[in-house]
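All values below were derived from every heavy atom in this structure, side-chain atoms included, with hydrogens, water molecules and symmetry-related copies excluded. In what follows, every chain begins at residue 1, and chains take the letters A, B, ... in the order their sequences are listed.
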There are 2 protein chains.
Amino acid sequence: MATMQRMQTTGLELFYAKGYYDTSIDDILKKLHLSKGAFYYHFDSKEDFFVQIIQNLLARKIYSTLIEPIEGHDNPLTLITKCFDDAMETAVHNELDYGCILSNFITEFNGKNDIIMRHLNEIVTVWEVNLVTALQKGKFNGYLDRHVDCEAAATFLMSSYFGVRTLMTSAAPAAKKYRFMSQLRQYFKSIESKVIS
Amino acid sequence: MATMQRMQTTGLELFYAKGYYDTSIDDILKKLHLSKGAFYYHFDSKEDFFVQIIQNLLARKIYSTLIEPIEGHDNPLTLITKCFDDAMETAVHNELDYGCILSNFITEFNGKNDIIMRHLNEIVTVWEVNLVTALQKGKFNGYLDRHVDCEAAATFLMSSYFGVRTLMTSAAPAAKKYRFMSQLRQYFKSIESKVIS
DNA sequence: GGTAAATCCGACCATATGGTCTGTATATAG
DNA sequence: CTATATACAGACCATATGGTCGGATTTACC
């Protein structure tokens, strides 16, 4: 693998585990047995480095785990349930889980770095749009009750997912997941179509 | 006000706004026109300082905004609704909102500082216990459906609140709040007692 | 008023960090 | 074979940070 890509991969790993401000460039270079010269040959600054990571790795990761799985013509509530279940199962099996990457970075950069925040918010928006679209399609196809506010449901889903991933890092992730999923299904039952097809 | 308390108050302000690792002791001292000597006379280290802030300020803050308001013998779903609404309203009106303090610190310290994480988890547990208790009492008093899993509901509520506070920092906090509350009520409607009293 | 404890000052230190710069090995092109 | 761009090494720099320490000042108490 090219040096530049190895730097980005290792960079994301460490930024996710230790946070952006608490991860030095030397930390990343040490792990890869590379030098300062190599880093500043490929990137302008630490911030530029992180922005590229967001666009090249983070955005794709979010897409593959949270957006792509909910595309399709099936019942969106079923798709979202499975999507969240899978994502949380990965976290449960992960020895060292640090929560949702996207949520963590938003927390870290909020009010500190507007440039990076714009990039992160862009990903959030893409996720939101896809969620709303999926729910609206589900409403059109008769899976959701016609009174459901899809924007509101999307916000609620994003919130709960961000939050539970944070909570899971504290203690008993498997139990937290189980409890969360049970109430997610409860909520979904309340917004699904009442017409018995 | 005593110097020690002023340090803690200003410390919490800055730690909340900029994060623990990105706030230097000099930042705090500069704002208070105090010296290093004053700081290390009152506190052993930056970590000790933060632990005391958690116990003296953060724990009380969480208690007064998220726990105390849901105590009582009324319908817990009504109490929680109002509690969340009030807390989010404060955030909306706050020019610079940085999300839920507790959630932010958990994100920042997770996997980095076990000592501080223990103190933060303690607060989470207290909140959780009080939520579960309130819900169980509500079930006993006929406000909640008797099939409701109160532990699961508490986890779901904590998750969604943590998450929405993070989301609100990104954009359109007022809209996010409105949407969130509408779906919270939707969820509550699905777990309230079905018996018409 | 003298003494001692409490409170605070600020110079200083070791270390870490983002970033710069010069040099060097390799590869590619003419 | 030479020249030139690519890709990386590593010494170096300015600055920042957590923490130390001797001393000055204020307060409390007899």
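Between B:Asp48 atom CG and D:dG18 atom P the separation is 14 Å, expressed in whole Å. Rounded to an integer number of Å, the gap from A:Tyr21 OH to D:dA16 C1' is 15 Å. In this structure, B:Phe43 places its CZ atom 14 Å from P of D:dG18, rounding to the nearest Å. Across the protein-nucleic acid pair, A:Leu29 atom CG and C:dA16 atom P stand 16 Å apart, rounded to whole Å. In this entry the distance linking CG of B:Leu34 with C1' of C:dA11 reads 17 Å, nearest Å. Put simply, CZ on B:Phe39 is 17 Å from P on C:dG10, counting in whole angstrom units. Between the NE2 atom of A:His33 and the C1' atom of D:dG10 there is a distance of 16 Å, rounded to whole Å. The distance from atom NZ of A:Lys30 to atom P of C:dA16 is 9 Å, rounded to the nearest whole Å.
Note: A:Tyr20 and A:Phe15 have tilted aromatic rings, judged against thresholds of 30 and 60 degrees for the angle between ring planes. Between B:Tyr21 and B:Phe109, the ring planes are tilted. Angles from 30° to 60° get that label. Aromatic ring orientation, B:Trp127 versus B:Tyr161: perpendicular (interplanar angle above 60°, classes split at 30° and 60°). Taking the six-membered ring where the residue is Trp, A:Phe84 and A:Phe180 present tilted rings, their angle falling between 30° and 60°.
When distances are taken from the side chain of A:Tyr41 to each of C:dC8, D:dA7, C:dG18, the shortest belongs to D:dA7. Listed nucleotides: C:dC8, D:dG19, C:dT20. Nearest to the side chain of B:Ala38: C:dC8. Counting only heavy atoms from C-beta on, B:Ser24 has its side chain closest to D:dT17 among D:dG10, D:dT17, C:dG18. Here C:dG18 is the nucleotide among C:dG18, C:dC8, D:dG19 with the atom lying nearest to any side-chain atom of A:Ile25. Among D:dC8, C:dC9, C:dG18, the nucleotide with an atom closest to any side-chain atom of A:His42 is D:dC8.
At least one side-chain nitrogen or oxygen of B:Thr3 sits closer than 4.0 Å to the OP1 or OP2 atom of C:dC8.
The backbone N or O of A:Ile115 lies less than 3.5 Å from a partner atom in the side chain of A:His119, making a donor-acceptor pair.
You won't find any donor-acceptor pair under 3.5 Å spanning the side chain of B:Lys46 and the base of D:dG19, going by distance alone.
Of the two residues contacting DNA chain C, namely A:Asp26 and B:Gly37, the nearest-nucleotide position lying further toward the 5' end is that of B:Gly37.
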